[in-house]
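What follows is one structure encoded as structure tokens, with my remarks underneath.
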Amino acid sequence: MRANRFAQMFSFIVMSTIKILTHIFYKFEVKWLSEKQFKQLDNVKLVVLLNHTSLYEALFVRLAPFSFLWRIARHMLVPVADVTTKRPLVGMFFHALVPGVVPISRKRDASWRNFLTQINDDSIVAILPEGRMRRHDGFDKHGKPMSVRAGVADIIEQIDSGDILFVYSGGLHHIQVPGQAIPKLFKKIKTHMEVVSVDDYKDALYHPEVKNRKVAFVRDIQKRLNELTPYCEDQPYNRKNSDI
């Protein structure tokens, strides 16, 4: 169900406030890997944030023009683990930030299918395709290498036109490590960004069988995670440890 007007306005105000505050407390170092940049986000239908390291990744709204923030407030859908949305403060913050948060389980069950059915021509979908956070040692909480999961391929299959915005995070462990209560201020955040046409992306990885197409999407995004992420020098893990 699409958010009501009040929820949309509240979301826009929250994101705009974070954007303004982030200008004060953090410096961003951004490198574009595509000709399309900030002023050409009107056709973005999917935002893929790679290298998930912290719940403070809401700071990346700093990079979005206000016009794009308004579109996010009105049309964005975000699958978020139900265990996260049920946490009192964190869950409340996610719903305030994006009214289109859709709780899902850790399994590819009815909750995931329900999320996919909500995607339409107006939607802007955002996903963190690794599905869990990178910990301080460069691996997930179970000690396994970070890897892209198949959900992002399901979403790409659902989208017929528009652009994909890839955001390659340099990592935020120097600001907040999972479990750390208070973030550090006045740090530099590194990111690479790229806008890719959905049509071009699908054409480049086309296969007549859906299963093989989805495998190709996952492998490509995994390669992007490994090769295009600008890991910050002051992360508590190095690139060698985090490669797969």
Side-chain angles (χ1 to χ4, degrees), residues 1-23 38 41-50 52-133 149 151-152 154-167 169 172 176 183 193 195 198:
M1 182 173 64
R2 195 62 64 192
N4 61 41
R5 196 71 169 180
F6 174 81
Q8 294 171 0
M9 286 298 301
F10 186 72
S11 170
F12 177 72
I13 291 169
V14 171
M15 288 188 287
S16 298
T17 301
I18 294 173
K19 177 180 174 72
I20 292 167
L21 291 176
T22 306
H23 272 282
F38 290 121
L41 301 182
D42 290 346
N43 208 29
V44 168
K45 297 295 185 180
L46 173 61
V47 179
V48 179
L49 175 61
L50 290 163
H52 179 29
T53 58
S54 170
L55 292 177
Y56 278 81
E57 278 151 358
L59 295 174
F60 282 100
V61 302
R62 146 82 177 272
L63 301 175
F66 285 107
S67 59
F68 192 60
L69 292 184
W70 177 236
R71 287 187 61 217
I72 289 174
R74 296 176 63 201
H75 300 297
M76 181 160 275
L77 291 172
V78 186
V80 178
D82 51 11
V83 294
T84 300
T85 59
K86 290 176 182 177
R87 292 167 60 183
L89 293 178
V90 174
M92 185 172 62
F93 173 76
F94 272 117
H95 284 290
L97 188 67
V98 181
V101 163
V102 181
I104 60 169
S105 73
R106 294 291 187 183
K107 300 177 181 179
R108 293 169 65 83
D109 57 11
S111 65
W112 180 249
R113 293 191 293 273
N114 172 61
F115 168 74
L116 292 175
T117 63
Q118 296 187 48
I119 300 173
N120 59 39
D121 291 341
D122 294 326
S123 300
I124 305 172
V125 181
I127 189 169
L128 292 79
E130 295 135 280
R132 68 269 195 225
M133 281 192 288
R149 297 188 171 182
V152 66
D154 293 337
I155 295 171
I156 294 171
E157 275 290 306
Q158 291 278 109
I159 299 173
D160 295 324
S161 63
D163 292 328
I164 303 171
L165 172 62
F166 288 101
V167 180
S169 167
L172 298 183
Q176 189 258 357
M193 300 180 72
V195 177
V198 170

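When a residue number appears, it is its place in the shown sequence, counting from 1. Because the structure is a prediction, the values reported are computed rather than measured.
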For side chain to side chain contact (heavy atoms under 4.5 Å, CB included), just list the numbers for Arg5 and Arg74, CA-CA rounded to whole Å, side-chain angles, deciding distance to a tenth of an Å, and then say yes or no. CA-CA 8 Å; Arg5 196 71 169 180; Arg74 296 176 63 201; 4.2 Å; yes
Is there a donor-acceptor contact under 3.5 Å from the side chain of [X] to the main chain of [Y]?
X      : Y      : result
Ser169 : Leu50  : no
Lys45  : Ile156 : no
Lys19  : Phe66  : no
Gln158 : Leu116 : yes
Arg62  : Thr22  : yes
Arg71  : Leu41  : yes

When you compare the side chain of Ile18 with that of Leu97, does any pair of heavy atoms fall below 4.5 Å? yes
Applying side-chain hydrogen bond (donor to acceptor under 3.5 Å, both in side chains), run through Asn120 and Ser123 and close with a yes or a no. CA-CA 5 Å; Asn120 59 39; Ser123 300; 3.1 Å; yes
Interatomic distance, [X] atom [atom1] to [Y] atom [atom2] [nearest 0.5 angstrom]:
X      : Y      : atom1 : atom2 : result
Asp160 : Asp121 : CG    : CG    : 7.5 Å
Asn43  : Ile124 : CG    : CD1   : 10.0 Å
Ile72  : Leu69  : CD1   : CG    : 5.5 Å
Ile127 : Ile155 : CD1   : CD1   : 3.5 Å
Thr17  : Phe12  : OG1   : CZ    : 9.5 Å
Met9   : Trp70  : CE    : CH2   : 5.5 Å

Considering non-hydrogen atoms only, spot the tightest contact between [X] and [Y] and give its length.
X      : Y      : answer
Thr117 : Asn114 : OG1-O, 2.6 Å
Val152 : Arg149 : CG1-O, 3.6 Å
Thr53  : Leu172 : OG1-N, 2.9 Å
Pro99  : Ala7   : CG-O, 3.5 Å
Met193 : Val167 : CE-CG2, 4.1 Å
Trp112 : Gly151 : CZ2-O, 3.3 Å

Passes side chain to side chain contact (heavy atoms under 4.5 Å, CB included), Val102 versus Leu77? Steps please. CA-CA 7 Å; Val102 181; Leu77 291 172; 4.2 Å; yes
Begin from the C-alpha positions of Leu63 and Phe68 and carry the test side chain to side chain contact (heavy atoms under 4.5 Å, CB included) through to its verdict. CA-CA 10 Å; Leu63 301 175; Phe68 192 60; over 6 Å; no
Stepwise side chain to side chain contact (heavy atoms under 4.5 Å, CB included) check, Leu128 with Glu57: CA-CA 10 Å; Leu128 292 79; Glu57 278 151 358; 3.4 Å; yes
